[in-house]
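Notes to accompany the following structure.
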Amino acid sequence: MNKLFFRLLVLLMSLSLIGIILVQVYWFNNSFENNDEQFKFHVNQVIGNVAEKIQKQEAYNFYDKINHYKDSTGKVPKRDDILEFYYVQKNPRTKKTIIYSNSIISEDYNISPSFFDKKYNNDKFKSFSAKRVTEVYDDNSIDNSGLNQSMIPDIKIEKSGNLNVLDNASFEIFYKDFASVLPIQERVSKETLSKLIKKELAESGVNTKFEFSVYNNNIATAVKSNDFKYNKEATYSIPIFTDNEGNSKYQLLVTFPQKKKFLLSELVSITILSIVFTLIILIAYTSALNQLIRQRQISEIKNDFINNMTHEFKTPIATINLALDAIKNPKIIEDKEKVLRYLQMIKDENKRMHAQVENVLRISKLEKKELDITKDSNNIHDIIEDAIDHVNLILEDRGGKVQCYFKAVRTTVLINDVHFTNVIVNILENAIKYSPNAPEIDIYTENIKDVIIIKVKDRGLGMSKIAQKRVFEKFYREHTGDIHNVKGHGLGLAYVKRIVDDHNGQVYVESEKGKGSTFIIKLPLIN
């Protein structure tokens with residue numbers, strides 16, 4: 001895949017994912033704000049209903065008390081005609097005269113001061129009634145004798161009754177003036193207010209904790225809930241007990257300490273679904289991106305592997321060809337000693353190529369679980385010494401040496417001697433290859449509880465932190481300038497990791513660039 005195209009693809013995918021997350025955040029904020037507005041609307045409606053109902057309840061209680069007093073006092077109220085209205089109409093066609101009269105009568109009730117626990121003059125409460133009379137006269141009768149009080153009308157209709165409009169207006173003015181001087185706790189109790197607010201909130205679907213308080217000119221009164229605290233974001237207010245001029249000195253404040261929790265609870269189900277789906281997309285995106293990057297790395301590593309294998313096969317093939325050409329030379333073919341030397345060279349190079357192929361096949365079989373590994377009781381020190389013998393010729397050629405510091409007392413482990421010898425050999429060969437000078441290798445063993453620890457330490461090139469994490473991956477090789485300056489194809493340490501894992505052990509590396517590496521193997525002991 002083209003580098004530019006790959007980067008563009010990753011950028012577009014990342015931008016799309018960020019866009020999805022931002023849209024989700026915007027939607028959540030927008031939904032929260034809408035819920036907040038709806039909450040505000042419902043709460044204002046609720047406290048408006050509460051203010052109206054407590055004022056009506058106060059008026060009803062007062063009116064009931066007045067009516068009870070009127071019924072029980074036994075006194076005849078003082079009556080006054082405060083308005084009398086007449087209307088006369090003559091109809092020339094029907095020869096009739098219609099006279100309409102309307103009288104408004106007020107009744108004054110003197111209320112005892114003791115009735116309202118007052119220490120000042122009597123109050124007067126007025127009640128209004130009306131008397132309406134409609135009379136119809138024949139014009140002939142009026143013409144003969146004139147209209148006078150002794151005349152009897154042809155038709156007379158009388159109606160009387162209370163004037164509710166005037167009664168209500170008079171009562172409202174009277175009770176508001178009277179109630180305005182009462183303390184707030186006598187006008188409404190906190191229990192009544194709490195029940196009314198709770199009922200109204202439940203009917204509006206606002207099922208969350210609330211606190212309330214009645215303020216008098218911005219000062220809290222005794223009518224309040226125990227845990228009321230003013231909160232600018234969660235407190236709503238409305239005037240209560242307005243007077244005859246439409247003013248009020250009292251404010252009802254209702255606060256919701258768990259407002260945010262309540263608003264979020266309405267979004268919780270859809271929000272959880274949104275988060276789950278976003279996480280699924282995020283995980284899928286991360287996984288896909290990781291696979292893309294990994295495939296790209298594997299592609300590069302495999303290219304390196306092919307280049308290395310080509311290089312490593314090219315040399316022995318060239319050597320074999322030269323040896324064969326030399327043998328075909330008439331002068332050489334008659335020299336038995338030279339022929340045997342060239343034949344040995346061909347055999348050695350062929351063996352070298354065979355070993356390379358075996359390494360590849362061995363890793364493949366390990367991955368497919370096709371490699372049969374039988375385990376027996378073995379002394380780990382013997383295995384290490386056997387591995388050292390395998391690399392002695394290479395060490396002598398490089399002028400290097402291996403020093404052993406065997407401090408482990410218990411050394412019996414359940415392992416496959418052939419494969420575990422190859423493990424130690426691979427680590428030693430790795431130490432030799434990556435030592436620019438004469439290799440100096442130290443091997444340590446020690447016991448910790450039921451485990452034996454093997455440390456192979458070199459003084460070579462060392463490796464970076466990134467290389468330490470990936471050194472046991474198949475095909476991975478840390479570049480050291482020219483790709484072919486250190487022979488290998490990135491399979492040796494992958495094989496080491498597979499074999500150690502199969503023996504229920506652990507292998508890892510500690511290294512510092514320029515100061516060498518230490519490979520550490522931990523194996524369980526036989527009890």
Side-chain angles (χ1 to χ4, degrees), residues 301 304-305 308-309 311-313 315-316 348-363 366 380-404 415-445 454-463 467-468 470-500 503 505 507-511 515-521:
I301 289 168
D304 288 349
F305 168 72
N308 277 327
M309 288 295 288
H311 184 268
E312 293 201 16
F313 280 129
T315 303
D348 289 343
E349 294 301 324
N350 183 61
K351 188 178 178 181
R352 180 178 165 190
M353 287 193 293
H354 181 73
Q356 301 284 23
V357 173
E358 275 298 314
N359 272 336
V360 176
L361 292 175
R362 197 160 45 190
I363 285 291
L366 274 173
I380 197 67
H381 288 167
D382 293 341
I383 299 294
I384 294 170
E385 286 171 354
D386 191 30
I388 294 170
D389 289 340
H390 278 72
V391 297
N392 259 335
L393 289 174
I394 306 171
L395 271 172
E396 288 174 7
D397 185 57
R398 293 283 308 275
K401 61 180 179 177
V402 175
Q403 289 186 336
C404 296
I415 57 173
N416 181 285
D417 56 346
V418 174
H419 284 293
F420 219 85
T421 300
N422 288 336
V423 164
I424 304 298
V425 167
N426 277 329
I427 293 174
L428 290 172
E429 284 182 342
N430 208 63
I432 294 165
K433 282 193 292 186
Y434 286 94
S435 295
N437 302 316
E440 292 182 26
I441 303 168
D442 298 327
I443 301 177
Y444 302 86
T445 63
I454 306 158
K455 295 182 181 179
V456 181
K457 182 178 181 181
D458 65 60
R459 295 170 179 79
L461 295 172
M463 62 185 83
Q468 289 175 51
R470 301 188 58 198
V471 73
F472 296 106
E473 292 180 16
K474 189 170 64 169
F475 302 125
Y476 180 79
R477 294 178 67 234
E478 186 176 25
H479 294 177
T480 55
D482 179 12
I483 196 169
H484 304 301
N485 62 344
V486 177
K487 298 287 188 294
H489 36 72
L491 292 174
L493 291 178
Y495 169 77
V496 167
K497 173 73 173 168
R498 294 277 182 173
I499 296 296
V500 172
H503 285 77
V507 60
Y508 54 94
V509 64
E510 294 175 353
S511 183
K515 292 187 178 180
S517 304
T518 302
F519 283 85
I520 302 166
I521 298 173

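As a basis for the values below, the full set of heavy atoms in this structure was taken, side chains included, without hydrogen atoms, waters or symmetry mates. Keep in mind the model is a prediction, meaning the values are calculated, not measured.
Annotation: side chain of Asn416 is in contact with side chain of His503 (closest heavy-atom distance under 4.5 Å). Within the 4.5 Å cutoff, side-chain heavy atoms of Ile384 are placed close to those of Thr445. Side-chain contact check for Ile388 versus Cys404: some heavy-atom pair is nearer than 4.5 Å. In this structure, the side chains of Ile441 and Ile432 come closer than 4.5 Å at one or more pairs of heavy atoms.
Rounding to the nearest 0.5 angstrom, the gap separating the CD atom in Glu429 from the CG atom in Leu395 is 10.0 Å. To the nearest 0.5 Å, atom CG of residue Asp458 and atom CD1 of residue Ile443 are 11.0 Å apart. Here the NZ-CD distance, from Lys457 to Gln403, works out to 12.0 Å after rounding to the nearest 0.5 Å.
Residues Ser517 and Gly462 share a closest heavy-atom pair of OG-CA, 3.6 Å. Here the closest non-hydrogen pair linking Ala438 and Gly399 is CB-O, 3.4 Å. Nearest heavy atom pair, residue Glu510 against residue Gln468, reads CA-OE1, 4.2 Å. Taking each heavy atom of Ala387 and Thr421 in turn, the nearest pair found is CB-O, 3.8 Å.
Salt bridge status for Asp442 with Arg459: present, with a side-chain N to carboxylate O gap under 4.0 Å.
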For this session: List the steps and the verdict of side chain to side chain contact (heavy atoms under 4.5 Å, CB included) for Val496 and Phe519.
Result: CA-CA 11 Å; Val496 167; Phe519 283 85; over 6 Å; no

Exercise. Would Val423 and Ile521 satisfy side chain to side chain contact (heavy atoms under 4.5 Å, CB included), going step by step from the backbone distance to the final call?
Worked result: CA-CA 10 Å; Val423 164; Ile521 298 173; 4.0 Å; yes

For this session: Please test Ile499 against Ile415 for side chain to side chain contact (heavy atoms under 4.5 Å, CB included), starting from the C-alpha separation and ending with a verdict.
Result: CA-CA 10 Å; Ile499 296 296; Ile415 57 173; over 6 Å; no

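Side-chain atoms of Thr518 do not come within 3.5 Å of backbone N or O of Val456 as any donor-acceptor pair. Under the 3.5 Å distance criterion, the side-chain polar atoms of Asn426 are left unmatched by any main-chain donor or acceptor of Leu493. Arg398 places no side-chain N or O within 3.5 Å of a backbone atom of Pro439 that could act as its donor or acceptor partner.
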